[in-house]
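Down below is the structure, laid out as structure tokens.
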Amino acid sequence: PVGSHAIGCDVTGDDIDIVGVGSIDATHMEVSSLASFLSASAGVSGARVVESGMGARRFLLNLTLQGVELDLVLVDVSDCTGLGEPADLRWLDSPQAHQIPQLSALRDVAAVRTLVHNVEAPFTCALRFIKLFARRRGISDNKLGFIGGVGWCVMLARIAADAPPQ
């Protein structure tokens, strides 16, 4: 997972964002067929392919699994040479990986973990509070033009980075 779940500051009602990286040689029709297949499975509803609109070879599969909303981004890196194994996240710093915008979610999580001295207790607690505060006031949703979870996380990480380690 990436986003709130990867950092450990997810709150009730958050979706789970997942990035699948690899040699994904699939067409839009094949991924749509996968969405149809998943929709027919028990416990899965609303599986659909969301257009990326970025001109890149990537697919966003949105579905609800047993009441939990999942966003699965499938990123094709088959054209990139020398990236190394996807399990070894050091390749995210390579120039080739920086050419793939969909990998920014993985880089964001790595950057927050590096930037924040103690990403566990105080940071995640504060971020959960900020997210709930903004959600209850209706000012936290990327789809509506407001700051989303990553925006809140980056702002809090900047504050945490300036704070002395304890």
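FYI, side chains are in, hydrogens and waters are out, and symmetry mates aren't considered; it's all heavy atoms of this structure.
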Looking at residues at least two apart in the chain, or sitting in another chain, which of them share a side-chain contact (heavy atoms from CB on, under 4.5 Å) with L63? L38, V44, A47, L61, L65, L70
Checking D71 against V73 for the side chain to side chain contact (heavy atoms under 4.5 Å, CB included) test, could you report, in this order, the C-alpha distance in whole Å, the side-chain angles of both residues, the deciding distance, and whether it holds? CA-CA 6 Å; D71 290 334; V73 178; 5.6 Å; no
Return the minimal non-hydrogen interatomic distance between V2 and I18, and the atom names on each side. CG2-N, 4.4 Å
Between F123 and A160, the two heavy atoms sitting closest are CD1-CB, 4.2 Å
Just verifying a value: how many Å separate Q66 CD and S45 OG, rounded to the nearest 0.5 Å? 10.5 Å
What heavy-atom pair brings L72 and G20 nearest, and what distance separates the two atoms? CD1-N, 4.2 Å
Pairs flagged by side-chain hydrogen bond (donor to acceptor under 3.5 Å, both in side chains) wherever residues 125-139 is involved - sequence neighbours left out: S4-K131, D14-K131, D14-R135
Closest heavy-atom pair and its distance - A126, L156: CB-CD2, 3.8 Å
Nearest atoms (heavy-atom pairs only) where V49 meets A35: CG2-CB, 4.2 Å
Are the side chains of I147 and M155 in touch, meaning some heavy atoms are under 4.5 Å apart? yes
In terms of heavy-atom contacts, F146 and S140 come closest through CB-N, 4.0 Å
How far apart are the C-alpha atoms of E69 and N62, what are their side-chain angles, what is the distance that settles it, and do they pass the side chain to side chain contact (heavy atoms under 4.5 Å, CB included) test? CA-CA 7 Å; E69 188 175 337; N62 179 271; 3.1 Å; yes
